[in-house]
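Note sheet for the following structure.
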Amino acid sequence: PVSLSRGLKNPAVWLVCLAMMFFTLSNFGFVTWVAPSWAVLFSMDPEVCNRYISIMYIFALPISVLFGFVLNHVDHKRFSVISYLLYALISAAAFILPSSGLILPFIILYPFAESAICAAMWTLVPEAAADSRFVAVAMALFGLLQNVGMLLGPPLSGAVLDRFGIAAVSLAVLIPALIGTGLVALAKINKNSQN
């Protein structure tokens, strides 16, 4: 039988899983508040703003598949760190766009950063586990912490929005994303498990 406690003793697993928690905290804070923020910032119809977000995620589907192929040819950790950093900067920019004319370029660019992280993080978890006997334990922790981030992101970013205004939400999505970037950078990944 696999020991749950032994599976959870690996610091790399915790770092990667916590990084995903910080990503979802940032990401769900972003996606919950970006359309309402654009509606206020640019005096736009909220329905139009929500449509932009829908279009953005339609772009994300094929981009995620593309990154699945890319990950077969690159170092997963390096790819994750670079993607995470790009995501942090791009997602934070959404709340401080100077004009509505930048929304279209944004909804084309953003899915590349988000999809890259999503594809890469799922590959890092088994690599962080190092021993195949503990991959299931690592994936369970990953799923748990991912959902914690999803749960906390919207109310935390909403509280920042309510207290400090729209521009401050850029920090509410930037800071967790930068923390996640650092956590991935610190994780010791088993390079032998990469293609």
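Given the structure is predicted, the values throughout are model-derived calculations rather than measurements.
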TODO: Any chance you could measure Leu66, atom CG, to Leu71, atom CG, to the nearest 0.5 Å?
DONE: 9.5 Å

Open item on the list: Taking atom CZ as the centre, does Phe59 end up with more than 12 heavy-atom neighbours from other residues, nucleotides or ligands that are less than 6.0 angstrom away?
Closed with: yes

Open item on the list: Are Val125 and Val135 packed together at the side-chain level, in the sense that at least one heavy-atom pair is separated by less than 4.5 angstrom?
Closed with: no

- [ ] Decide whether Phe28 and Ile90 are clustered together by the hydrophobic rule: side chain heavy atoms of Ile, Leu, Val, Met, Phe, Trp, Tyr closer than 4.5 Å, transitively.
- [x] no

TODO: Determine the minimum heavy-atom distance between Val148 and Met21, stating which atoms define it.
DONE: CG1-SD, 3.9 Å

Could you give the side-chain donor-acceptor pairs of residues 39-52 under 3.5 Å, partners two or more places apart or in another chain?
from: Asp45; atom 1: OD1; to: Glu47; atom 2: N; distance (Å): 3.0
from: Glu47; atom 1: OE2; to: Arg51; atom 2: NH2; distance (Å): 2.9
from: Asn50; atom 1: ND2; to: Pro46; atom 2: O; distance (Å): 3.2

TODO: Apply side-chain contact (heavy atoms from CB on, under 4.5 Å) to Trp33 and Val173, showing your working.
DONE: CA-CA 10 Å; Trp33 298 109; Val173 297; over 6 Å; no

Open item on the list: According to side-chain hydrogen bond (donor to acceptor under 3.5 Å, both in side chains), does anything in residues 13-30 pair up with another residue at least two apart or in another chain? List the pairs.
Closed with: Ser26-Tyr87, Asn27-Tyr110, Asn27-Glu114

Open item on the list: To the closest 0.5 Å, what do you measure between CG (Leu183) and CG (Leu178)?
Closed with: 11.0 Å

Task: Heavy-atom check, side chain of Lys188 versus side chain of Pro11, under 4.5 Å - done: no

TODO: Could you pull out the closest heavy-atom pair between Phe106 and Ala94, with the gap in Å?
DONE: CZ-CB, 3.4 Å

Task: Residue pair Val13 / Ala138: nearest heavy atoms and the distance that separates them - done: CG1-CB, 3.7 Å

Could you give the side-chain donor-acceptor pairs of residues 149-172 under 3.5 Å, partners two or more places apart or in another chain?
from: Ser157; atom 1: OG; to: Gly153; atom 2: O; distance (Å): 3.4
from: Ser170; atom 1: OG; to: Ala167; atom 2: O; distance (Å): 2.5

Open item on the list: To the nearest 0.5 Å, what is the distance between OH on Tyr57 and CD1 on Ile63?
Closed with: 11.5 Å

Task: Cluster overlap Leu61 with Ile108, hydrophobic side-chain contacts below 4.5 Å - done: no

Task: Closest non-hydrogen atom pair between Met56 and Ile107, with its separation - done: CG-O, 3.6 Å

Task: Joint hydrophobic cluster, Trp122 plus Val65, side-chain heavy atoms closer than 4.5 Å - done: no

Open item on the list: Could you measure the distance from the CG atom of Asn147 to the CZ atom of Phe142? Nearest 0.5 Å is fine.
Closed with: 10.0 Å

- [ ] Give the cluster check for Leu102 versus Leu174: same hydrophobic cluster or not, with ILVMFWY residues linked at side-chain heavy-atom distances below 4.5 Å.
- [x] yes

Open item on the list: A side-chain contact here means heavy atoms from C-beta on lying under 4.5 Å apart; do Gln146 and Met121 qualify?
Closed with: no

Open item on the list: Applying the side-chain contact (heavy atoms from CB on, under 4.5 Å) criterion to Val184, which one of Leu15, Leu85, Leu124 satisfies it?
Closed with: Leu124

- [ ] Could you grab the distance from atom CG of Leu4 to atom CZ of Phe134, nearest 0.5 Å is fine?
- [x] 10.0 Å

Task: Closest non-hydrogen atom pair, Ala12 against Ala187 - done: O-CB, 4.2 Å

TODO: Any chance you could lay out the side-chain contact (heavy atoms from CB on, under 4.5 Å) test for Glu127 and Lys77, step after step, and finish with the verdict?
DONE: CA-CA 9 Å; Glu127 293 168 3; Lys77 180 179 172 182; over 6 Å; no

Task: Hphob cluster co-occupancy, Ile96 + Ile53, side-chain heavy atoms under 4.5 angstrom - done: no

Open item on the list: Assess the residue pair Val16 and Ile189 against the criterion (side-chain contact (heavy atoms from CB on, under 4.5 Å)); give the C-alpha distance rounded to whole Å, side-chain angles, the decisive distance to 0.1 Å, and a yes or no.
Closed with: CA-CA 9 Å; Val16 171; Ile189 302 301; 4.0 Å; yes

